[in-house]
Number of protein chains: 2
Amino acid sequence: MANAPAAAQALALLQLLARHAEPMPGAAIARQLGLPRSSTYHLLGVLSDSGFVTHLRDERRWGLGVAAFELGTAYVRQAPLQRIARPVLARLVDATTHNAHLAVLHGRDVYYVIEERARGRPSLVTDVGVRLPASVTASGLAMLAVLPPVQVRALYPDRGSFVQRNNLGVTSLTALRSELAQVRKRGYAVETSSVTTGFASIAVAVLDHNDRPAAGIAVTYPVDDAPDAAALVDAVRSAAAELSTRLGRPRAPADPR
Amino acid sequence: MANAPAAAQALALLQLLARHAEPMPGAAIARQLGLPRSSTYHLLGVLSDSGFVTHLRDERRWGLGVAAFELGTAYVRQAPLQRIARPVLARLVDATTHNAHLAVLHGRDVYYVIEERARGRPSLVTDVGVRLPASVTASGLAMLAVLPPVQVRALYPDRGSFVQRNNLGVTSLTALRSELAQVRKRGYAVETSSVTTGFASIAVAVLDHNDRPAAGIAVTYPVDDAPDAAALVDAVRSAAAELSTRLGRPRAPADPR
DNA sequence: GCAGATTGTCTCAGATCCGAGACAGAATCG
DNA sequence: CGATTCTGTCTCGGATCTGAGACAATCTGC
């Protein structure tokens, strides 16, 4: 399918603004998008007419507008991912008898969108609406592992970007990269006690049709249970593959060697 | 400025999806946007490639994607409106000695993005992050009053759309329209005790360069204080005009006759 | 206060896109 | 089970856009 280049550029502009902590000057937007200045101001005009972008005239900068906010909250309300994921997680919970959850990557955080509790299992901190640092969660590591390295680097520019939890979790980009290499090698991510002391998680990324992480799916079990990890891995992987397929990805994630 | 029609259409598509409670079939999207089917699938392709839209293949529907979510939360994080509004609200609080807040319209709710407390005044329910039904708040009424009537009707399709608070607030579209007509006539909105018993608010909409409500700005005072309402109205109106100008609107809102 | 830099607007023609409609596959209906 | 409808993909030429660069206004630095 051919592109609608102006549409793609407008979306890229929005994503550029979303990645920055502050509104940006028009020329910086053009530069970072690699667009002619006239085309950029053209797009900014279209985006501001529809409310996606706000021109802060006195600061001579451009930032996201209320329509961007509305889009984000409509996503949460409409919950397209959850609609198809909920039955998948319900089956995963039934099959494994452990809690399962679904999270989306959100900057350096994960944001939990489904928490499915197994019968007789305790509620966990990974409840819907909660955010946790991606680098200390299995879901987060699974998703980070399938991002291009430059994007991981952009997320973690310095040691100050890292947050630990329960005194656990990597604290440098080198350590993170090493961790992510292991995730890729295994085909799944794990964490033990860094989210909830005494609990461990196994997670796999759910990939969209462009092989980007749409979500991470995980099960959490008490360390003392010592369950059949290989069986859990298979179950989580199957669930992730099913979700990917339903999101339009042509095939399941490659099995590890 | 001429249009980039594909960009504008892509944004319109996103807003259409945001307005619907559920993902939509491709042909329905085309129909409601008044676009040729091939152009619509074209745009859906661009939008799904960038993650703004998700194709739910089994349901044969299209819904918002994770990139939409990221945009919304980037808006909240970046807070372009708050950046320029905060000093304006601080001055408003100083000048009036009452609490002031800023809210954005969000479907049938208002969402509070700034709460500026005056010295010696109590904290109110209208704290940052809180949502309240627009029809029971002064800020909400002020913003609804500047929406086109068809948009107001779309927000409130039936009596079930209305929510009261403290047994106050309109409960029908006819009553709402009447209320909004009064808001327009006065040039500001008021509510008494429908948000917090014993407190009243005066609000004015902050308009963007297309005369759409970017936010509502309000002061809240105890009813028993019986402050100089005309002075409060002037102060709120000035603050709203200042914000509108900084958002690129050419002139302040017209004074009422 | 002035020169230079930056921001934002505008023009218009060569380059490129958009969309009517054909087509194929899948789902629905009787 | 076959007909009909719906979904999604694809082609290609007439219609329209994109972007180089000129210009004006504003800001910054000296």
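Within every chain, numbering begins at 1; the chains are lettered A, B, ... in the order of the sequence lines, protein sequences first and strands thereafter.
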Cut-off 3.5 Å, no hydrogens considered: what does the side-chain donor-acceptor table look like for residues 60-72 of chain B, sequence neighbours left out?
| residue | atom | partner | partner atom | Å |
| --- | --- | --- | --- | --- |
| B/R61 | NH1 | B/P23 | O | 2.8 |

| field | B/A6 side-chain proximity, nearest of D/dG19, C/dT7, C/dC18 | value | C/dC18

| field | Exercise: identify the closest heavy-atom pair between A/A4 and B/L43 | value | CB-CD2, 4.4 Å

| field | Separation of C/dC10 P from A/L44 CG (nearest whole Å) | value | 15 Å

| message | List the residues meeting side-chain contact (heavy atoms from CB on, under 4.5 Å) with A/A30, not counting sequence neighbours, and say none if there are none. | response | A/R37, A/T40

| Closest-nucleotide 5' rank along DNA chain D - winner of A/L35 and B/A27 | B/A27

| Taking only residues two or more places apart in sequence or in another chain, which ones pass side-chain hydrogen bond (donor to acceptor under 3.5 Å, both in side chains) with A/E59? | B/R83

| field | Among C/dG19, D/dA20, C/dC17, the nucleotide that comes nearest once only the side chain of A/P36 is considered | value | D/dA20

| field | Under 4.0 Å protein heavy-atom contacts per nucleotide of nucleotides 21-30 of chain C, with B for base, S for backbone only and - for none | value | BB----S---

| request: Could you tell me whether the phosphate oxygens of C/dC10, OP1 or OP2, come under 4.0 Å of any side-chain nitrogen or oxygen in A/H42? | output: no

| said: Rounded to whole Å, please give me the gap between CD in A/E59 and C1' in C/dT7. | reply: 15 Å

| request: Taking only the side-chain nitrogens and oxygens of B/W62, find out if one of them lies under 4.0 Å from OP1 or OP2 of D/dT7. | output: no

| request: Give the rounded distance in Å between these two atoms: CZ of B/R61 and P of D/dG8. | output: 11 Å

| said: Just to verify, what does B/H98 make a side-chain hydrogen bond (donor to acceptor under 3.5 Å, both in side chains) with, not counting sequence neighbours? | reply: B/R121

| Among the nucleotides C/dG8, D/dG19, C/dC18, which one has an atom lying closest to any side-chain atom of A/Y41? | C/dG8

| field | Side-chain heavy-atom pair A/I114, A/I217 within 4.5 angstrom cut-off | value | no

| task | Could you note down all residue pairs passing side chain to side chain donor-acceptor pair (under 3.5 Å) where residues 86-95 of chain A supplies at least one of them, sequence neighbours left out? | result | A/R91-A/E242

| field | Pairs flagged by side chain to side chain donor-acceptor pair (under 3.5 Å) wherever residues 13-27 of chain B is involved - sequence neighbours left out | value | none

| query | Does B/E116 have any side-chain hydrogen bond (donor to acceptor under 3.5 Å, both in side chains) partners at least two apart in sequence or in another chain, and if so, which? | reply | none

| task | Can you pull out how bent the helix from C/dG1-D/dC30 to C/dG30-D/dC1 is, comparing the axes over its first five and last five pairs, to 10°? | result | 60°

| request: Whole angstrom is fine here: how far is it from NE2 in A/H55 over to P in C/dT9? | output: 7 Å

